[in-house]
Amino acid sequence: MTNQNVVVADTSSGINLAITVHVTNSSIFTTAKQKPPAAPGGYITISRNKLLKNLEISGGARFNAWVNSMRTSSPTHVNSTPSVNDDQSSWILHHPSALEMFGQIIDASKGKQIVMFLDYDGTLSPIVDDPDRAFMSKQMRATVRKLARFFPTAIVSGRCRDKVYNFVRLAELYYAGSHGMDIKGPAKGSKYKKGSEGVVFQAGSEFLPMIDEVYKELVERTKTTPGAKVENNKFCLSVHYRCVDEKKWSGLAQVVKSVLKEYPKLRLTQGRKVLEIRPTIKWDKGKALEFLLESLGFANCTDVFPVYIGDDRTDEDAFKVLRERGQGFGILVSKFPKDTSASYSLQEPTQVMDFLQRLVQWKRRAFQEQSRV
C-alpha cells in the first residue's frame, strides 16, 4: 500500500485541491488483471481528465495553472473565462440585459412573490483596491431600503456578516455572510411571515478555531508579499491579491497552498482577485438561498419568484439553484462574457441600482392601481 496524491476539482473556481489517500497497486489507474501500457520514462499514460481527477500536478505546471486561474479572474482581462468562445454580442443574446428585458421579467413574475437576493462587492458597491473601503453610495442604500419595503431582501456575501452589515446599515434586511454560513434575519422578524422571529443560522461553527489559526499563519506568511491582504470573514478567509504585482502571484499562491497542506478540512475557491478559504462542508450561497426561502415559508411554493444578482464565481452556486428549481432567475453583473448559469446580465453597480429602482417603481404603481379599485 502506498500514498497517492489525488486532486479534488472545484469546477466553479477552476482550482484543484490535492489530498493524499492510500491506494493499493495503483488501483486508481487499473482494473482487475489489467495494466495500462507504460509510457517513456516509466510514467503511466492516462487521459488528461483522469489525471486531473487523480493526480496532483506538481512543479511549474501546477503553479502556472493556479496563476492562470488567478489572472483570468480579473475583470481587466477580456478573456475572463477561456471556456466561453462566443464574442460579446453573441453572449448578450444568451444573457440579455435585465434592464432591456425588464418587461419580460415582470411578466414572468406576475402573481408571484418576488424575493430579492443581492451580493455586495461588485453588485451594490464598486470593486475597489482596499476591501475595507468598499462603500455603497447613499443613493444605492436608499434604493435598497425602498426595495425591502416591497420585497423580502437578503444580502448574500463572502464577507463577514457583521462587516457587510456595517457597510449596508439596513436593519430590515436578511444578511448571509461568509458565503451563507452565517445568516441572520431582521431582529423584529419579517413582515412577510407573520410571527417569525429573527432567523439565526451558522454552519460550521466547529471550524472557527481552525479558521483563526490559519488566518494568523497566513497574515504572517504573506507579510513578504507587498499588497497582499488577508481578511478574516469569521467562517472563511479571503486572500486578496488585487494590489499584488502580477509577477508575485505565483509566490502568493504557493504560500497559500503550503499553509493549507496542513488543513485538509479546509478548501480553496476563487473569486475576483481573491482566494477564498472555506470549511469542506456542503454549504454555499445556493444553500443559503434555499435556507432563506424556507425560513420565509417559500420552500415548496410555486408562487415565489427569487431573483439573485451577483458578480462573482461564488454567486454561480445560487444561479444554479435557481435554474434547478425552475423558479426566478439570476442576473450576472459583468462587463465581459463569462461562463454563467445566470439568465440575464447587468454591466456594473449603477445598472443594478437602475434595475432595483425600476422594480420599486413598478411595485409602487401596482399598489396604487390596486388602491383605486
Side-chain angles (χ1 to χ4, degrees), residues 73-76 98-99 116-187 215 219 226-244 270-276 285 288 307-315 318 331-336 345-360:
S73 74
S74 168
T76 59
L99 287 171
M116 296 300 302
F117 298 89
L118 307 169
D119 180 32
Y120 183 76
D121 294 275
T123 300
L124 298 182
S125 72
I127 295 293
V128 295
D129 290 341
D130 184 354
D132 290 333
R133 300 189 63 80
F135 304 118
M136 66 191 302
S137 67
K138 292 181 179 178
Q139 190 176 7
M140 179 67 88
R141 181 175 292 104
T143 298
V144 176
R145 179 183 286 114
K146 293 175 183 176
L147 183 76
R149 292 175 185 170
F150 295 107
F151 313 103
T153 301
I155 308 296
V156 186
S157 173
R159 298 268 197 165
C160 169
R161 177 172 56 80
D162 290 340
K163 183 174 290 187
V164 76
Y165 177 83
N166 288 334
F167 278 133
V168 179
R169 300 198 308 274
L170 295 174
E172 58 268 42
L173 306 184
Y174 292 82
Y175 290 88
S178 302
H179 300 286
M181 286 184 283
D182 188 9
I183 299 175
K184 187 175 182 180
Y215 169 71
V219 168
K229 181 178 178 63
V230 185
E231 184 178 13
N232 190 338
N233 291 312
K234 191 172 182 179
F235 289 84
C236 62
L237 301 174
S238 298
V239 182
H240 299 274
Y241 57 90
R242 182 168 300 279
C243 297
V244 176
Q270 190 175 359
R272 293 176 65 177
K273 287 197 172 180
V274 61
L275 299 174
E276 305 277 8
K285 291 183 176 182
V307 178
Y308 189 106
I309 307 179
D311 75 310
D312 210 343
R313 292 187 182 186
T314 56
D315 298 310
I331 301 176
L332 175 69
V333 184
S334 178
K335 292 183 178 180
F336 307 109
S345 65
L346 293 168
Q347 292 197 0
E348 55 193 2
T350 55
Q351 287 195 352
V352 173
M353 185 169 65
D354 290 345
F355 178 81
L356 299 181
Q357 288 174 342
R358 291 187 67 175
L359 269 179
V360 170

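On a predicted model such as this, the values are computed, not experimentally measured, just so you know.
- Nearest heavy atoms, C236 versus M181: CB-CE, 4.1 Å.
- Contact check for V230 versus Y215: side-chain heavy atoms found under the 4.5 Å cut-off.
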Side-chain donor-acceptor distances from residues 350-359 under 3.5 Å, at least two apart:
from: T350; atom 1: OG1; to: E348; atom 2: OE2; distance (Å): 3.1
from: Q351; atom 1: OE1; to: Q347; atom 2: N; distance (Å): 2.8
from: Q357; atom 1: NE2; to: T143; atom 2: OG1; distance (Å): 3.3
from: R358; atom 1: NH1; to: L99; atom 2: O; distance (Å): 3.0

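- Of all the heavy atoms in V333 and P349, the pair that sits closest is CG1-N, 4.4 Å.
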Between Q270 and R313, is a side chain to side chain contact (heavy atoms under 4.5 Å, CB included) present by the stated rule, with each step listed?
-> CA-CA 7 Å; Q270 190 175 359; R313 292 187 182 186; 3.9 Å; yes
For residues 125-137, which side-chain donor-acceptor pairs fall under 3.5 Å, sequence neighbours excluded?
from: D130; atom 1: OD1; to: D132; atom 2: N; distance (Å): 3.0
from: D132; atom 1: OD2; to: K229; atom 2: NZ; distance (Å): 3.2
from: S137; atom 1: OG; to: M140; atom 2: N; distance (Å): 3.0

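- Legend: residues meeting salt bridge (Lys or Arg N to Asp or Glu O under 4.0 Å) with D311, ordered by chain and number and at least two apart, are R272.
- Of all the heavy atoms in G310 and T123, the pair that sits closest is CA-OG1, 3.5 Å.
- V168 is listed as a side-chain neighbour of L173, based on a closest heavy-atom distance under 4.5 Å.
- Under the rule for a side-chain hydrogen bond (donor to acceptor under 3.5 Å, both in side chains), K146 has no partner lying at least two apart in sequence or in another chain.
- Taking the side-chain hydrogen bond (donor to acceptor under 3.5 Å, both in side chains) definition, one finds that D121 meets it with R159, sequence neighbours left out.
- Within the structure, every pair that satisfies the salt bridge (charged side-chain N to carboxylate O under 4.0 Å, His left out) test and touches residues 165-183, not counting sequence neighbours, is listed here: R161-D182.
- Between the SG atom of C160 and the CD atom of E231 there is a distance of 8.5 Å, given to the nearest 0.5 Å.
- Side-chain contact between F150 and V360 is present, with heavy atoms from C-beta onward closer than 4.5 Å.
- Between L124 and D119, every side-chain heavy-atom pair lies at or beyond the 4.5 Å cut-off.
- Taking the side chain to side chain contact (heavy atoms under 4.5 Å, CB included) definition, one finds that Y165 meets it with A171, Y175, sequence neighbours left out.
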When you look at D315 and Y308, which way does the side chain to side chain contact (heavy atoms under 4.5 Å, CB included) test go after all the steps?
-> CA-CA 8 Å; D315 298 310; Y308 189 106; 2.6 Å; yes
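- L275 places a side-chain heavy atom less than 4.5 Å from the side chain of Y241.
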Could you check N232 against L237 for side chain to side chain contact (heavy atoms under 4.5 Å, CB included), going step by step and ending with a plain yes or no?
-> CA-CA 5 Å; N232 190 338; L237 301 174; 3.8 Å; yes
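- The backbone N or O of H240 sits nowhere less than 3.5 Å from a side-chain atom of S238 that would complete a donor-acceptor pair.
- Side-chain atoms of S178 and K234 form no donor-acceptor pair, as typed in the model, at a separation below 3.5 Å.
- Every residue two or more places apart in sequence or in another chain that forms a ring pair (Phe, Tyr, Trp, His ring centres under 6.0 Å) with Y120 is listed here: F167.
- With T314 contributing its side chain and D312 its backbone, the two residues share no donor-acceptor pair below 3.5 Å.
- With rounding to the nearest 0.5 Å, the separation of OG in S334 from CG in L332 is 5.0 Å.
- By the side-chain hydrogen bond (donor to acceptor under 3.5 Å, both in side chains) test, S345 pairs with no residue at all, sequence neighbours left out.
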Does the side chain to side chain contact (heavy atoms under 4.5 Å, CB included) test come out yes or no for V144 and L170, once each step is laid out?
-> CA-CA 8 Å; V144 176; L170 295 174; 3.8 Å; yes
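- Applying the ring pair (Phe, Tyr, Trp, His ring centres under 6.0 Å) criterion to F117, with sequence neighbours excluded, gives no partner residue.
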